[in-house]
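Chain identifiers are assigned alphabetically (A, B, ...) following the order of the sequence lines, protein sequences preceding nucleic acid strands; residue numbering begins at 1 within each chain.
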Amino acid sequence: MLHIDNLKATIGGNKILRGLNLTIPSGEVHAIMGPNGAGKSTLSNVLTGRDGYEISGTVTLGGADLLQMKPEERAAAGVFLAFQYPVEIPGVGNMYFLRTAVNAVRVHRGEPELSATEFLKLARAEMALLKMDPSFLSRSVNEGFSGGEKKRNEVLQMTLLQPRLMILDETDSGLDIDALRIVAEGIERMRSPERSMLIITHYPRLLELVRPDVVHVLDKGQIVRSGGPELALELEVEGYDPGRRAVTA
Amino acid sequence: MAAVRTFPPKSDEKWKYTPLAQVIAAFDAATPGAPTTVTAEQLNSLIGGRDEIRLVTVNGMFDPSLSTSVLPAGVRISAGRVNVGESVAVERPIHIVHVGAPGQGPTVSSAMAIVDVGERSQVTLVETFCGLPGPMAIDGSLTLNVAASAQVELIRVQSAPRQAVLIGLTQIAAAANTNVHVVDLSIGGDIARHEIEARFTGDGAQMNIHGLYVPVGGQQHDTVVSVDHAASHCASRQDYFGVIDGHAHGSFIGHIIVRPGIVDTDAHQSNRNLALTRSAEVNTRPWLEILADDVRCTHGATVGRLDDAAMFYLQSRGIPKAKARSMLIEAFIVTVAQAIPDEAVRQHVGELIRAHATSPGHGDQR
């Protein structure tokens with residue numbers, strides 16, 4: 001279970017998150033929607049431990065204090081962020097990267113490392129489900145990948161790392177309808193009673209394929225409204241402004 | 001015997017980045033010392049055991065007991081000299097190993113070799129500067145004469161002890177239709193300068209030089225490469241990478257000369273640097289003397305830092321910071337090791353680079 005209490009984050013003197021409260025019980029999928037500049041990406045950065053923010057409040061995952069951990073420790077504790085803009089890393093092979101990551105997390109969790117053969121078998125099976133060509137393993141991390149290929153590579157990492165908290169930051173952006181369906185199926189396969197999922201999105205497209213239990217509206221660094229999946233559709237029709245009026249009225 | 005080295009005046013542009021006073025002081029303070037021996041075990045612990053032809057010097061003195069005595073046809077080795085005859089394809093690498101073995105106090109040595117490669121021959125040469133720990137001043141030089149249509153692969157590995165001051169000079173004369181590939185690695189030493197003076201003496205030759213300098217802590221690695229296009233229809237390439245950590249200094253001067261009247265010249269130069277800390281110092285200077293018209297010449301230099309976004313991406317996948325760092329450093333320099341065709345040498349160099357990238361002392365001042 002993810003528990004966020006009165007989270008505030010400031011960068012360069014700008015207050016981005018202003019006392020955010022959010023609880024995602026295990027087994028639930030929550031969506032956060034909101035206009036540009038609401039603090040959606042800052043939330044994913046702060047949860048995963050990116051440098052540069054002044055932070056107060058508490059964030060726990062399964063009772064463990066996330067804010068005290070380094071990014072790699074959070075990953076080992078089960079935090080996974082599917083990046084909005086996956087980073088290209090020329091010269092680092094995708095296979096080497098994926099295996100290093102999987103084994104680092106396994107070692108942290110007290111599990112034995114996977115041999116190259118064991119890893120390859122596992123990776124190929126997951127890639128087949130994501131309709132990724134095995135040649136993606138021999139390329140550099142994300143280098144020259146199309147938008148859709150990068151997002152699939154994110155989902156591949158997610159399925160290999162088996163996180164407890166999945167944060168999907170605008171994972172639907174830049175995907176055509178076929179790629180969106182494959183990515184959504186990959187996400188759906190990860191839904192389980194032990195996992196919490198947070199889908200950050202601007203548009204409700206992905207939420208039609210991965211149905212959330214709860215939808216939140218983030219505005220000016222706070223959750224201003226929460227509701228069921230129908231809220232996503234309502235926002236699509238009405239935009240964010242009516243929501244804001246409804247709360248402040 | 002240790003030669004008395006003469007140093008250039010401070011105004012010499014090619015010595016611009018080297019702390020000449022410190023270098024001279026190191027040479028002045030050192031003495032040749034008593035003759036020293038190095039055991040085969042010590043040598044193998046320094047450079048590993050491989051199937052190769054060896055010419056070994058200890059403090060600059062030829063050591064026949066550590067050198068290969070049974071040589072393939074067409075190869076001759078004596079004190080400071082290697083000779084490869086005409087039309088000989090030497091299968092095993094020829095390894096010139098200069099071992100520094102300090103005695104009482106700083107040791108000075110002159111470690112030299114002259115290599116003649118005959119027409120149409122093919123050979124892989126490895127030149128290593130290494131040693132047992134201790135203070136030393138080394139004047140290292142290699143003269144490589146490549147006769148027409150010969151192909152030479154030269155891998156220079158500078159892995160001198162950390163207290164060594166090393167001044168190195170590699171002179172290459174490449175005759176017509178030769179193909180010379182140089183891999184130049186600066187890893188060890190305290191202050192280490194290496195100058196390559198390469199000259200095309202005949203038409204239709206090619207020279208590719210890949211280099212890497214990786215100073216850490218307070219090390220200083222200076223590289224000066226000069227390629228003299230004194231013949232027509234020749235192509236040269238200088239590709240140097242620097243990774244500078246701690247408060248180390250790295251410098252590269254890349255000199256290209258194209259003589260008047262020379263036609264159809266290709267000359268390219270690139271120097272890319274990764275400064276890992278704020279206190280790392282990098283100097284890079286292209287120096288082009290193009291005195292002819294029919295020339296295609298490019299040059300470029302960059303100094304960058306480790307990509308924060310890439311670091312965070314790797315860490316966010318559970319990879320510890322130190323490992324993420326070494327992965328990115330390796331990715332930056334991987335092309336240098338990949339450029340070595342001989343597999344055993346490539347592996348050896350890859351291990352040296354990897355050991356260096358993950359050595360303690362890296363990242364301590366981040």
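For A:Val107, no part lies near chain B; criterion is any non-hydrogen pair under 4.5 Å. For A:Arg74, no part lies under 4.5 angstrom from a heavy atom of chain B. No part of A:Pro163 comes within reach of chain B, as not one of its non-hydrogen atoms sits under 4.5 angstrom from that chain. Neither the backbone nor the side chain of A:Asp51 comes within contact range of chain B; no heavy atom of the residue lies under 4.5 Å from a heavy atom of that chain.
Between B:His255 and B:Trp287, the angle of the ring planes stays under 30°, which puts this pair in the parallel group of the 30/60° scheme.
For the 3.5 Å distance criterion, the side chains of B:Asp222 and B:Tyr213 fail to qualify, holding no donor opposite an acceptor. Looking only at atom types and distance, the side chain of A:His3 has a donor-acceptor partner in the side chain of A:Thr23 under 3.5 Å away.
Among residues two or more places apart in sequence or in another chain, the ring pair (Phe, Tyr, Trp, His ring centres under 6.0 Å) test is passed with B:Phe332 by B:Phe241.
Taking A:Leu98, A:Ile89, A:Val105 one by one and counting their heavy-atom pairs under 4.5 Å with chain B, the maximum is reached by A:Ile89. Of all the listed residues (B:Ile319, B:Val334, B:Leu328), the one sharing the greatest number of non-hydrogen pairs under 4.5 Å with chain A is B:Ile319.
Judged by distance alone, the side chain of B:Gln219 and the main-chain N or O of B:Ile187 form a donor-acceptor pair under 3.5 Å.
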